[in-house]
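Let me begin by presenting the structure, written as structure tokens, before commenting on it.
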Amino acid sequence: MTALSWIARRLAVTAGVLAGLLVASFLLLHLVPGDPAVRVAGLNATPEQVAAVRHELGLDQPVHRQFLAYAGQVARLDFGDSFQTGEPVTEVIGSRLGVTLQLALAGIAVTMFTGVALGVLMGVLTRDGRRRGTEAAFAMGTSLVGAIPEYVVGALLALVFAVGLGWLPVAGLADPAGLVLPTLAVSLAPIAVLSRIVRVETLTVLATEYVRAARAKRLSTLRVYGVHVLPNALTAALTVGGLVFAGLLGGAVVVENVFALPGLGSQLVQSVSARDYPVVQAAILLLGVSIVTVNTCVEGVLKLLDPAARTVAA
Amino acid sequence: MSARRAFRSSPVALTALGTLGVLVVLAVVAPMLWGPAAVAVDPANAVRGPGSAHPLGTDRLGRDVLARTLVATRTSLLLGLVAALTATVLGLTAGGLVAVAGPRARAAGLRVLDAVLAFPAILTAILATLVLPSATVSAALAVGIAGAPGVMRITVTLAASVLARDYVAAARGLGVGRTRVLLRHVLPGIADSLAVSLSVVAGVSLVVVSSLSFLGVGVQPPGFDWGGMLSQGLRDLYVTPWAAIAPAVMIALAGLAFGLFGEALARAANPSVWTAGRTRRPGRTRPAAQADPSALLDVRGLTVTADGTPDSPEIVSEVDLRVGRGEIVGLVGESGSGKSLTMLALARLLPHPVTADANMLVLDGCDLREPPSKRLDGVLGTRLALVFQNPAASLNPALRLGVQLTEGPRRHRGLSRAQATRLALAGLRDVRIPEPERRLRQYPHQLSGGQRQRVTIAMGLAAGPDLLLADEPTTALDNTLRSGVLRLLHEVNARHGTAIVLVSHDLAVVGGLCDRIAVMYAGRIVEEGPTAAVMTDPRHPYTQALIGSSLTMTTPLDAPVPALDGRPPRPGEITAGCAFALRCSQAQEQCRSVRPTRRDLGDGRVVACWVAERSSA
């Protein structure tokens, strides 16, 4: 498959997923039990007021008309106003985006660096069944860290470092140090998962004949691991990293709440609790698009890194 | 070790099981014992630290934190289980249907599934709470819906392996319906693996339900679970940290117990991956004899054991091998006879914990037995080169050929990049690779199989070695490419005077190229001598059988092909006598009781066989 046809196929799949997302976010309002017009107008509204709201929202139109109108609005990035505050939805979301991006980028950087380094190190140390004790301790430790939910980790971190030791702020983003504990809280479990995967991948690469051939050349240890092993062990790490990053964009919901960070996740939860549908719809669309974009980029990078996929065989 | 015993003997499994047991007991009895205490409001004593009346303090309404934490076990566990069950039922049904669907429907289903899986489960769960009517159990159902795609993916993967089995394929071929295949073959086939993942799903579900409550969209007051308690406790973290710590610890404990239990189940189901072993290395105490100065390589008493312990089985036993400068020696034997391990032992590349020991291991005056050092690396890196069996596998797929051909000489001969590249170009021309400049910029997959083997030979020769160890260099190649590679090895030997040890199971390959032949059986060299002499007048019955069973152009087509019955003994099975005695048609009493010693027959011929010795005497 040439690069162009790959991109074309990939774009087609992405477009399909995005269309699905659009339909899902549209249906959300209709799947919710009860009459949306009543919810928007309020329970104390008169039937005339409800009818007016219904007409205003276009809910008296046939469903396919409503969907086309919705799609048109989305295309113009017009999501209407928040039920809660009356602000335009784009402003509500826009003001929250920065925090989420900061946390996600810091989290993925820490996760990838630590997870890959730890995984390769453990793979090298425990190759061919060496150091069974270290291996058992690593398996135990990563299960422990991987099994504890991130908000419990966050709460415990806050307790130790903010309340107990007083080293770091417990909540908010008044100074950049406020990002340290949330980043740790979102990274620890992914590091555990990633390092396990990278270790197994490293072991697989270490058992290959080309690594034995590299050892036969008596290269320096650093060169064997850095040049011959690492690039081949990275594929799985990148795939997992893409999923982790996608998870961080939307899934940092809980940690944002623990540390009272004004991010997209906490906004989403707040809007879900308040049944603020326009904000929920926009947030879902934004997160969905980001996740699809991240995954497509990761696949592209993997293709670029794989020489067999990048070049046409002679 | 049986799965059940493996499980019982694992402390982790028992701890996890015990913790789960305690949690279940708590879930049953705690609401009966402390139910009233957990909801008793006492505003006068709100937000207090631990005291005699309240061991873990009180919350904002003055309720006892300890009682609430224990009582919440029932709600938290139940909701977690309901969520796991929902996820299982939905995921199993949908996954099973996708698995037995037609190819197009399956491909489409998997694509949708992967897109859904990329969406964080917690978000799906939050959105599902919007759609479901507000009730305590809704949180669990929402988490179940969010977890279903994960179970579905596992189901499809597991089912695919069952469907690929012959008898299932046969049933489908006979027109058995999809539902029946699903119920009769797929479900029973994946039940075990599914049980393992379900324990993990239960742990994850419990944690996610708690997250929902923590966020305020799960269990609604007056109901309470650990997640909701934690979120309330966090607000008073500075005053009464126990109100947060207690539920946090319970969530972590329960999540961990389910997770570790699942892992222990998985280990018990597949114990081979986890069995431990001990390793110990013996000191090298045997005295070194005087090396033969005329030999390039002088090996005496090389023994390779499985893990270096005194009672560990010997895979290679007391191998003596001498290779002269510029000589080509063939090492022949069945697969498993220890040829390859002998080569790896010479190059000090044995995989851990396989251990080698020798009375003498000298390459051109250098003792190869010394501990790893830069000097030893230099000797092995420049004097000795290896060519492995599978040319496709011995080139790194991620690196350009230029890098792989130049890194050795650059390290060991201190060459610059340009010098090393010139050397690599010359090397590629030597092995008749067309357009060498272009090849240097290419990756291994861009070469044909024959070219790859030529490149690995060039890679081995790049450092200008005196000795090339070639381990079955033609076995993975087409017949048409074989003679080319063999001719190449011959040229290398003739042009550069490089000595070669050629390992092969194929007498025809070895016979055409080698000056001398050593025949290996069950880890020992049983016969050795000049090629022509061994090929025309084999003395050891095993060599005779090998030569007898190889077909040539002149083998009469109507004569039965002699074949060797049975198999060689495995390491550890070898008894006191000759290892070949069980398969030998000429074996005598002595052969079964006393191991034959190596006997010099003159003219450079050596044989280890009582029968051959007697007939030559």
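Labels below follow one simple rule: chain letters A, B, ... track the order of the sequence lines, proteins then strands, and each chain is numbered from 1.
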Quick one: which of [options] has the most heavy-atom pairs under 4.5 Å with chain A, could you say?
{"options": "B:Leu399, B:Leu386, B:Leu469", "result": "B:Leu399"}
{"options": "B:Pro351, B:Ser211, B:Pro444, B:Ala248", "result": "B:Ser211"}
{"options": "B:Leu130, B:Val207, B:Leu260, B:Val112", "result": "B:Leu130"}
{"options": "B:Val249, B:Val208, B:Ile251, B:Val116", "result": "B:Ile251"}
{"options": "B:Ser394, B:Gly233, B:Gly381, B:Ala254", "result": "B:Ser394"}
{"options": "B:Gly460, B:Ala347, B:Gly378", "result": "B:Ala347"}

Compare all side-chain heavy atoms of [X] with those of [Y] and state whether any distance is below 4.5 angstrom.
{"X": "A:Arg223", "Y": "B:Arg410", "result": "no"}
{"X": "A:Asn257", "Y": "B:Leu234", "result": "no"}
{"X": "A:Arg212", "Y": "B:Leu344", "result": "yes"}

Supply the atom-to-atom distance [X] [atom1] to [Y] [atom2], rounded to the nearest 0.5 angstrom.
{"X": "B:Ile126", "Y": "A:Leu268", "atom1": "CD1", "atom2": "CG", "value": "5.5 Å"}
{"X": "B:Asp471", "Y": "A:Glu209", "atom1": "CG", "atom2": "CD", "value": "8.0 Å"}
{"X": "A:Ile291", "Y": "B:Leu117", "atom1": "CD1", "atom2": "CG", "value": "11.5 Å"}
{"X": "A:Leu287", "Y": "B:Leu123", "atom1": "CG", "atom2": "CG", "value": "6.0 Å"}
{"X": "A:Thr208", "Y": "B:Asn396", "atom1": "OG1", "atom2": "CG", "value": "7.0 Å"}

Contact part of [X] toward chain A, heavy-atom cut-off under 4.5 Å: side chain, backbone, both or neither?
{"X": "B:Thr129", "result": "both"}
{"X": "B:Leu256", "result": "both"}
{"X": "B:Ser231", "result": "neither"}
{"X": "B:Val217", "result": "side chain"}
{"X": "B:Ala393", "result": "both"}

Do side-chain atoms of [X] reach the backbone of [Y] as a donor and acceptor pair under 3.5 angstrom?
{"X": "B:Asp377", "Y": "A:Arg218", "value": "no"}
{"X": "A:Arg215", "Y": "B:Leu349", "value": "no"}
{"X": "A:Lys217", "Y": "B:Arg411", "value": "no"}

Show the nearest heavy-atom pair for residues [X] and [Y], with the distance to one decimal.
{"X": "A:Tyr210", "Y": "B:Pro397", "result": "CE2-CD, 3.4 Å"}
{"X": "B:Leu215", "Y": "A:Val254", "result": "CD2-CA, 4.0 Å"}
{"X": "B:Ala398", "Y": "A:Pro231", "result": "CB-CB, 4.2 Å"}
{"X": "A:Ala155", "Y": "B:Leu230", "result": "CB-CD1, 4.3 Å"}

Heavy-atom pairs under 4.5 Å with chain B are the metric here; pick the option from [options] that has the most.
{"options": "A:Gly20, A:Ala216, A:Ser220", "value": "A:Ser220"}
{"options": "A:Val269, A:Val152, A:Leu219, A:Val272", "value": "A:Leu219"}
{"options": "A:Val13, A:Val17, A:Val280", "value": "A:Val13"}
{"options": "A:Val294, A:Val211, A:Val227, A:Asn295", "value": "A:Val227"}
{"options": "A:Val205, A:Val292, A:Val153, A:Ile284", "value": "A:Ile284"}

